[in-house]
Amino acid sequence: MSGNDMPSQAPVAIIGGGSIGVAFALVFSRAGLPVRVQDPDEARRASVPGEVSARLQDLSSYGLLEEPAEAILARVSVTGDVAEAVSGVQHVQECAPERLELKKELFQQLDRLAPAEAVLASSSSFLPASSFAAELEGRRRCMVAHPGNPPYLIPVIEIVPAPFTEEAAAARAEALFTQAGLSPVRVKREVEGFIFNRLQGALLREAYCLVRDGVASADDIDRVVRDGLGRRWVHIGPFETADLNTRGGIVAHAERMGPSYARMGAERGMNDLWTPELVARVEQERRAILPIDAWETRVAWRDRVLMADLKMRKGHE
């Protein structure tokens, strides 16, 4: 069966029945797909249906299900056998612990047992596919698909092909995740931690330094992010934030704020300057999304969505 002929309603296998495995079972079963969760531990297997059911009931209570929870749960089956889990599937999502040797062993099994055109994706947070799938005969269909946690509430998922991953396999994975309601982002090359954890790590590194240096408490830092940065970042990312924060857009922001950010970086031993060429590249991308003559309109939109959030928060106080 070719990749183009793979039926869109074919089952999905989840290898590992921990918290991420359970979350992916929710993602795919909500999308109408049969899901098989495999785990070697009997106690873990016994827990999976109850955990899926509990999360479905929570989603239902917030009006986030389009059909009865029981119908979604009925699509999820659990097994201890890898071969049974991957038989006839279109996609395998590996959700085992972040241990290199374990992933190597699992992907050897998956490459041997899964259909030849099934995508083999790892939920790894840091390990690239090159580190555990490079020697496999079927490495062309292997990649990382790193989710936000939990993926049934945080839709972004990073598709990280290895140099040996075929474009067709990455495209199939992207299409499946889109079908399941996620928001795939293609990472252009393998780097440890990908995008999500590099951004998260940068903030955490500075947060730890600020506590260490006596600048702020852990709670102070959480409040600055929760009641400050986070309120904007719910709606717009760091580049759009900078673009909208300074009249004239991203170039004006870099001219005014770049030297201060450079000095702060130098305090931490970093010399990653915002060169004119780099700023121009980001400027070009931003203007393709938001022409400068639409800047005022977008700033007004930003303020209105923040007002709507504030109104909602006050209604729940």
Side-chain angles (χ1 to χ4, degrees), residues 11-31 33-62 64-65 69-70 72-82 84-86 89 91-107 109-110 119-129 132 143-160 173 176-177 180-185 192-201 204 222:
V12 171
I14 310 294
I15 305 301
S19 59
I20 293 296
V22 166
F24 267 119
L26 278 166
V27 167
F28 291 119
S29 61
R30 280 174 73 188
L33 297 170
V35 177
R36 302 183 193 132
V37 180
Q38 184 276 338
D39 198 281
D41 183 75
E42 184 178 356
R44 180 93 299 271
R45 293 197 301 272
S47 297
V48 167
E51 292 179 8
V52 173
S53 179
R55 286 160 177 75
L56 285 170
Q57 295 303 325
D58 283 344
L59 289 164
S60 180
S61 71
Y62 282 91
L64 295 174
L65 297 183
E70 295 77 12
I72 299 172
L73 181 61
R75 298 190 190 106
V76 180
S77 60
V78 185
T79 179
D81 187 72
V82 174
E84 180 184 349
V86 303
V89 300
H91 181 96
V92 180
Q93 190 71 29
E94 174 267 310
C95 300
E98 192 87 347
R99 298 202 304 269
L100 179 59
E101 291 307 314
L102 175 59
K103 291 190 186 295
K104 283 184 176 180
E105 179 183 336
L106 278 173
F107 269 76
Q109 281 187 278
L110 297 173
V119 168
L120 306 182
S122 174
S123 301
S124 172
S125 298
F126 293 96
L127 298 171
F132 53 78
M143 67 197 73
V144 166
H146 172 241
N149 187 18
Y152 58 89
L153 297 177
I154 299 177
V156 72
I157 186 161
E158 300 176 288
I159 309 296
V160 193
L176 176 66
F177 288 123
L182 299 186
S183 176
V185 172
E192 184 178 4
F194 322 125
I195 301 171
F196 196 113
N197 278 316
R198 280 184 171 255
L199 292 173
Q200 185 166 247
L204 276 171
D222 276 353

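Start at 1 with the first residue, then count along the sequence.
Side-chain atoms of I15 and Q109, non-hydrogen and from C-beta on, never get closer than 4.5 Å to each other. Two residues are said to be in side-chain contact when any heavy atoms from C-beta on lie closer than 4.5 Å; F177 and P147 fail this criterion. The shortest distance between side-chain heavy atoms of F28 and I14 falls below 4.5 Å. In this structure, the side chains of S125 and H146 come closer than 4.5 Å at one or more pairs of heavy atoms. Annotation: side chain of V37 is not in contact with side chain of V22 (no heavy-atom distance under 4.5 Å). Side-chain atoms of L102 and P97, non-hydrogen and from C-beta on, do get closer than 4.5 Å to each other. F24 is listed as a side-chain neighbour of I157, based on a closest heavy-atom distance under 4.5 Å. Contact of the L153 side chain with the L59 side chain is registered, since non-hydrogen atoms from C-beta on lie closer than 4.5 Å.
Minimum interatomic distance between P150 and A23 (heavy atoms only, all atoms of both residues): CB-CB, 4.3 Å. Closest of all the heavy-atom pairs between P49 and L73 is O-CD1, 3.8 Å. Heavy-atom minimum distance, L56 versus A69: CD1-O, 3.6 Å. Shown here for I159 and A145, the closest heavy-atom pair between the two residues is CD1-CB, 4.2 Å. Closest approach of G80 and Q38 over heavy atoms only: O-NE2, 3.2 Å. Here the closest heavy-atom approach between residue V144 and residue L127 is recorded as CG2-O, 3.4 Å.
At least one donor-acceptor pair closer than 3.5 Å links the side chain of E158 to the backbone N or O of I195. Although no hydrogens or angles enter the test, the distance criterion places no donor-acceptor pair under 3.5 Å between the side chain of E94 and the main chain of A121. Counting only distance, with no hydrogens or angles, the side chain of S29 and the backbone of A25 share a donor-acceptor pair below 3.5 Å. Looking at R45, its side chain does come within 3.5 Å of a backbone N or O of P40 through a donor-acceptor pair.
Applying the side-chain hydrogen bond (donor to acceptor under 3.5 Å, both in side chains) criterion to E84, with sequence neighbours excluded, gives T79. Residues satisfying the side-chain hydrogen bond (donor to acceptor under 3.5 Å, both in side chains) test with E98, not counting sequence neighbours, are S124. Partners of Q57 under the side-chain hydrogen bond (donor to acceptor under 3.5 Å, both in side chains) rule, at least two apart in sequence or in another chain, do not exist in this structure. Residues forming a side-chain hydrogen bond (donor to acceptor under 3.5 Å, both in side chains) with R30 (at least two apart in sequence, or on another chain): none. Judged as a ring pair (Phe, Tyr, Trp, His ring centres under 6.0 Å), and not counting sequence neighbours, Y152 has no contacts.
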Starting from the C-alpha separation in whole Å, work towards a yes-or-no answer on side-chain contact (heavy atoms from CB on, under 4.5 Å) for L110 and V82.
-> CA-CA 8 Å; L110 297 173; V82 174; 4.0 Å; yes
Candidate pair L182 and V27, rule side-chain contact (heavy atoms from CB on, under 4.5 Å), full reasoning = CA-CA 8 Å; L182 299 186; V27 167; 4.1 Å; yes
Determine, stepwise, if the pair L26 / V52 fulfils side-chain contact (heavy atoms from CB on, under 4.5 Å).
-> CA-CA 7 Å; L26 278 166; V52 173; 4.0 Å; yes
Show the numbers, then the answer: is there a side-chain contact (heavy atoms from CB on, under 4.5 Å) between V35 and R75?
-> CA-CA 6 Å; V35 177; R75 298 190 190 106; 5.6 Å; no
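A salt bridge (charged side-chain N to carboxylate O under 4.0 Å, His left out) check over residues 47-56, counting only residues at least two apart or in different chains, returns the pairs R44-E51.
Atoms CG and CZ, on L120 and F107 in that order, are 6.0 Å from each other to the nearest 0.5 Å.
If you run side-chain contact (heavy atoms from CB on, under 4.5 Å) between E101 and each of R99, K104, K103, only K104 comes through.
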